[in-house]
Student: 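Input: one structure, supplied below.
We count ligands from 1, going down the list as the structure has it; atoms in each ligand are counted the same way. Computation of the quantities below employed the complete heavy-atom set of this structure, encompassing side-chain atoms and omitting hydrogens, waters and symmetry-equivalent molecules.
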Amino acid sequence: MAEPVRVVLSGASGRMGRTLAKLVAEQEGVEVLAGLDRTGDADRACDIGCPVLVAPEDAGELVRAADVVVDFSAPEFLARLLRAQGDALAGRALVVGTTGLGPEEEALLAGLSASAATLTAANFSVGVNLLSALVEEAARVLGPAYDVEVVEAHHRRKVDAPSGTALELGRAAARGHGVELDSERRDGRSGRPGERPPGEIGFHAVRGGDVVGEHRVMFLGDRERIELAHLAQDRALFAEGALRAARWMAGKAPGAYTMRDVLGLG
Ligand code: NAD
């Protein structure tokens, strides 16, 4: 029998970390070696009872023993891990689900992809990755005459906005228009923003309750409106996708991969 894929979970004590640990415990061919988290709190540590290290700076040996490190923590924690364990990660795989990454984390990840297989995804669901491909196609066919607005909703504890997935969908629409998102992005509207300029891609974030994650991309024309939407009903959906990515990434050559590669969406 093939050796199981050995995983280290970064953010092991969080909602996603614990959901992933539970899923791994139910599956064959994959095991969690240990977790990393700023809190080693036994009550919150991965539910399968794995040890949790609180300092990524001390995790070199652990990372070298793993095939894949899966991170669902926070940008600051990921940055510490990347700064401290760049050498240990060489020849291994890193799957990042943490959202709200800044230029520092992006640059560290880009550097790491020369020596390790890296994959960053704002959303691991098959449905959202398919939605992204559909949004790009819709934007290409409809063109900028149809105004694009992205509306997302998440639970009240989410700290970044707009969501990483909303930005990814906006990027897909921008690609369809043949432009860069940065030049067209408009976050919310308030006061007297004036008339909507052509080509703008708007983002609106709703926060509240326990909403797992909803994304709606609207193409508003003069006589019709097309809407493409995805509603996540259970966060295990993201954990399943992340685990699928982790299995696929184990043993891959260094480089930057995407969920489209994992799912064969081209
Ligand atoms: P959470 O707050 O429940 O867990 C985060 C964990 O990281 C906690 O255990 C916390 O102790 C740890 N941590 C370490 N340093 C931290 C810091 N500086 N600030 C905050 N937490 C820190 O969050 P979650 O719902 O598990 O989400 C974790 C990350 O994954 C978020 O960025 C979230 O947006 C993202 N996420 C991504 C997907 C996806 O499909 N890519 C899906 C869900 C959540």
Student: Can you find an N/O atom of A122 closer than 3.5 Å to an N/O atom of ligand 1?
Tutor: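 Looking only at distances, the answer is yes, because the N/O contact criterion of under 3.5 Å is met.
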Student: Measure the shortest side-chain to side-chain distance between R185 and L167 over non-hydrogen atoms and say whether it is less than 4.5 angstrom.
Tutor: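 Yes; the side chains approach each other to less than 4.5 Å.
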Student: Give the single entry among T99, V96, T98 that approaches atom 34 (O) of ligand 1 most closely by any heavy atom.
Tutor: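 Answer by nearest heavy atom: T99.
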Student: Under a 4.5 Å cut-off applied to non-hydrogen side-chain atoms, are T165 and E152 in contact?
Tutor: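 Of all side-chain heavy-atom pairs linking E152 with T165, none is under 4.5 Å.
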Student: Which atoms of ligand 1 are found less than 4.0 Å from any heavy atom of S13?
Tutor: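 Contacts of ligand 1 toward S13, numbered from 1: 9 (O).
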Student: Name each donor-acceptor pair under 3.5 Å that joins a side chain in residues 128-140 to protein atoms two or more places apart or in another chain, with its distance.
Tutor:
residue : atom : partner : partner atom : Å
N129    : ND2  : N123    : O            : 3.1
N129    : ND2  : S125    : O            : 2.7
E136    : OE1  : R175    : NE           : 3.0
E136    : OE1  : R175    : NH2          : 3.3
E136    : OE2  : R140    : NH2          : 3.0
E137    : OE1  : R140    : NH1          : 3.1

Student: Say you draw a straight line from OG of S183 to CD of E200; how long is it, rounded to the nearest 0.5 Å?
Tutor: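 The CD atom of E200 is 11.0 Å from OG of S183, to the nearest 0.5 Å.
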Student: Mind listing the closest non-hydrogen atom pair of V148 and V217 along with its distance?
Tutor: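 Closest pair (atom of V148, atom of V217, distance): CG1-CG1, 4.0 Å.
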Student: Suppose I only count heavy atoms of A74 and a 4.0 Å limit; which atoms of ligand 1 are within that range?
Tutor: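 Counting atoms of ligand 1 from 1, those under 4.0 Å from A74 are 16 (C), 17 (C), 18 (N), 19 (N), 20 (C), 21 (N), 22 (C).
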Student: For a quick test of your reading: what N or O donor-acceptor pairs under 3.5 Å do the side chains of residues 82-99 make, sequence neighbours left out?
Tutor:
residue : atom : partner : partner atom : Å
R83     : NH1  : E104    : OE2          : 2.4
Q85     : NE2  : P56     : O            : 2.9
Q85     : NE2  : E57     : O            : 3.4
R92     : NE   : V63     : O            : 3.3
R92     : NE   : R64     : O            : 3.1
R92     : NE   : A66     : O            : 3.2
R92     : NH1  : A88     : O            : 3.1
R92     : NH1  : A90     : O            : 2.9
R92     : NH2  : R64     : O            : 2.9
T98     : OG1  : D71     : OD2          : 2.5
T98     : OG1  : S73     : N            : 2.8
T99     : OG1  : D160    : OD2          : 2.9

Student: Under a 4.0 angstrom heavy-atom cut-off, which atoms of ligand 1 come close to R235?
Tutor: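 Near R235, meaning under 4.0 Å from one of its heavy atoms, ligand 1 has 25 (O).
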Student: List every atom of ligand 1 that sits less than 4.0 Å from any heavy atom of K158, numbering the atoms from 1 in the order shown and giving each element.
Tutor: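 Contacts of ligand 1 toward K158, numbered from 1: 34 (O).
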Student: I'd like to check which ligand 1 atoms, numbered from 1 as shown, lie under 4.0 Å from a non-hydrogen atom of N123.
Tutor: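 Answer for ligand 1: 39 (C), 40 (O), 41 (N).
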Student: Against heavy atoms of A121, which atoms of ligand 1 measure under 4.0 Å?
Tutor: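 Within the 4.0 Å cut-off of A121, ligand 1 contributes 41 (N).
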Student: So, regarding G14 and ligand 1 (criterion: nitrogen or oxygen to nitrogen or oxygen, under 3.5 Å), is there a contact or not?
Tutor: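 For ligand 1, there is an N or O atom that lies under 3.5 Å from one belonging to G14.
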Student: Indicate yes or no: does E227 engage R225 in a salt bridge with an N to O separation below 4.0 Å.
Tutor: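 The answer is yes: the pair qualifies as a salt bridge.
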Student: Taking atom types as modelled, find out whether H154 and S163 have a side-chain donor-acceptor pair closer than 3.5 angstrom.
Tutor: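 No, S163 and H154 have no side-chain donor paired with an acceptor closer than 3.5 Å.
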Student: To which of F72, F124, F77 does the heavy atom nearest atom 38 (C) of ligand 1 belong?
Tutor: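 Selected option, by shortest heavy-atom distance: F72.
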Student: Considering only heavy atoms, which of L20, D37, V54, T19 lies nearest to atom 11 (O) of ligand 1?
Tutor: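 That would be D37.
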Student: Strictly distance-based, threshold 3.5 Å: is any side-chain N or O of S13 a donor or acceptor partner for the main-chain N or O of T39?
Tutor: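 Yes: the side chain of S13 pairs with the backbone of T39.
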Student: Which option out of R15, R38, R157 puts a heavy atom nearest to atom 1 (P) of ligand 1?
Tutor: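 Among R15, R38, R157, the closest heavy atom to atom 1 (P) of ligand 1 comes from R15.
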Student: Would you mind running through ligand 1 and noting each atom that sits below 4.0 Å from a heavy atom of T39?
Tutor: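 Under 4.0 Å from T39, ligand 1 has these atoms: 11 (O).
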Student: Taking 4.0 angstrom as the limit and counting only heavy atoms of M16, give me the atoms of ligand 1 inside it, by number and element.
Tutor: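 In order of number, 26 (O), 43 (C), 44 (C).
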